[in-house]
2 protein chains.
Amino acid sequence: MLKGHLDTIVLAALEAGPAHGYAIIETIKRGSSHTFDLPEGTVYPALHRLEDAGLLSSAWMTPPGGRRRRLYSLTKAGATALADRRKAWGRFSQAVETLLGGGRAWPA
Amino acid sequence: MLKGHLDTIVLAALEAGPAHGYAIIETIKRGSSHTFDLPEGTVYPALHRLEDAGLLSSAWMTPPGGRRRRLYSLTKAGATALADRRKAWGRFSQAVETLLGGGRAWPA
DNA sequence: TTCCATACCTAGTTATGCTAGGTATGGAAG
DNA sequence: CTTCCATACCTAGCATAACTAGGTATGGAA
């Protein structure tokens with residue numbers, strides 16, 4: 001479970017340039033050392049959500065001698081959203097870290 | 001949104017010793033510098049879930065001249081679960097960090 | 001006596017991620 | 001040539017998590 005951070009990760013995966021769904025899944029898998037091995041049923045609906053929200057745009061492409069793919073790109077709003085989500089992740093992980101780290105069995 | 005890490009945080013809050021629901025909310029609020037200001041409707045059901053799962057145990061207490069409170073304690077299974085979840089959090093946050101940090105605007 | 005902070009609770013809504021299916025094509029293996 | 005796998009897309013429906021929005025009750029301060 002990615003618990004609400006899926007969108008952030010997908011946006012980040014597209015920051016380096018446009019990509020299609022299947023490739024995004026692979027990028028996330030390799031980039032996380034297989035910690036996030038996301039099923040398509042998770043990623044495709046997320047891409048549609050993000051496009052509906054205006055954070056991504058898409059276009060069908062057919063590479064020569066290849067199969068049709070839908071290429072997703074970050075919109076300007078998407079880039080802004082990613083920046084916001086990066087900050088939110090920082091606050092979030094910092095807070096969790098403090099709460100988890102601060103909990104000692106018992107200080108002497 | 002705590003995105004599935006609520007249980008981890010609640011378990012961690014009880015690591016230092018038993019506490020009641022309202023106090024746990026305050027502990028999490030202060031410990032996270034108000035990043036996590038959790039509504040009761042979030043925390044109480046979580047406590048019940050964790051107790052049903054055997055990770056917490058509870059007992060009603062009435063301090064002298066005070067009001068009745070339900071004191072929650074970590075069970076042995078709860079302590080084990082907390083250790084597991086700490087590791088899971090480490091893997092999770094590490095992976096997100098890599099994916100977010102690795103996404104550069106463009107490498108030269 | 002009125003109000004606030006404490007202290008507990010739950011029904012119902014919403015959104016998220018996943019399961020479990022389905023369609024289709026290019027290329028390799030047999 | 002046919003069978004199978006990896007690629008590549010999709011959706012309906014389920015489970016669950018967190019929250020909203022209510023409710024009850026008490027001790028102490030104003």
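In the text below, chain A, chain B and the rest are named by the order of the sequence lines, each starting its count at 1.
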Checklist entry - Considering the options A:H48, A:E51, A:H20, which one meets the side-chain hydrogen bond (donor to acceptor under 3.5 Å, both in side chains) requirement together with A:S58? => result A:E51
Next on the checklist: Quick check: do A:W60 and A:L71 have side-chain heavy atoms less than 4.5 Å from each other?
Outcome noted: no
Checklist outcome for this item: A:Y72 has its side chain closest, among C:dC18, D:dC10, C:dC9, to D:dC10
Checklist entry - What distance do B:L82 atom CG and B:E15 atom CD have between them, rounded to the nearest 0.5 Å? => result 5.0 Å
Checklist outcome for this item: Ordered by number, residues from residues 18-27 of chain B within less than 4.0 Å of DNA chain C (heavy atoms) are B:H20, B:G21, B:Y22
Checklist entry - Out of D:dC19, C:dC8, C:dG17, which nucleotide sits closest to the side chain of B:Y44? => result C:dC8
Item to check | A:P45, nearest nucleotide to its side chain (from D:dA18, D:dT11, C:dC8) | outcome: D:dT11
Checklist entry - Any cation-pi pair here, B:K3 with A:F92, using under 6.0 Å and within 45°? => result yes
Checklist outcome for this item: Between A:H48 and B:A46, the residue closer to the 5' end of DNA chain D by nearest nucleotide is A:H48
Checklist entry - Do the non-hydrogen side-chain atoms of A:I24 and A:L47 ever get within less than 4.5 Å of each other? => result yes
Next on the checklist: Can you confirm whether A:Y22 sits close enough to A:R69 that some side-chain heavy atom of one is under 4.5 Å from a side-chain heavy atom of the other?
Outcome noted: no
Next on the checklist: What's the closest nucleotide to the side chain of B:P39 if the choices are D:dT20, C:dG17, C:dC8?
Outcome noted: D:dT20
Checklist outcome for this item: Residues of residues 52-62 of chain A with a heavy atom under 4.0 Å from any atom of DNA chain D, listed by number, are A:W60
Checklist entry - Who is the Watson-Crick or G-U wobble partner of D:dA30, with both distances under 3.5 Å? => result C:dT1
Checklist entry - Using purine N1 to pyrimidine N3 plus N6-O4 or O6-N4 for Watson-Crick, or N1-O2 and O6-N3 for G-U wobble, each under 3.5 Å, what pairs with D:dT20? => result C:dA11
Checklist outcome for this item: Scanning all shown strands, the Watson-Crick or wobble mate of D:dA25 with both distances under 3.5 Å is C:dT6
Protein-nucleotides 20-24 of chain C N/O pairs closer than 3.5 Å?
{"unit_1": "C:dA24", "atom_1": "N3", "unit_2": "A:R67", "atom_2": "NH2", "d": "3.4"}

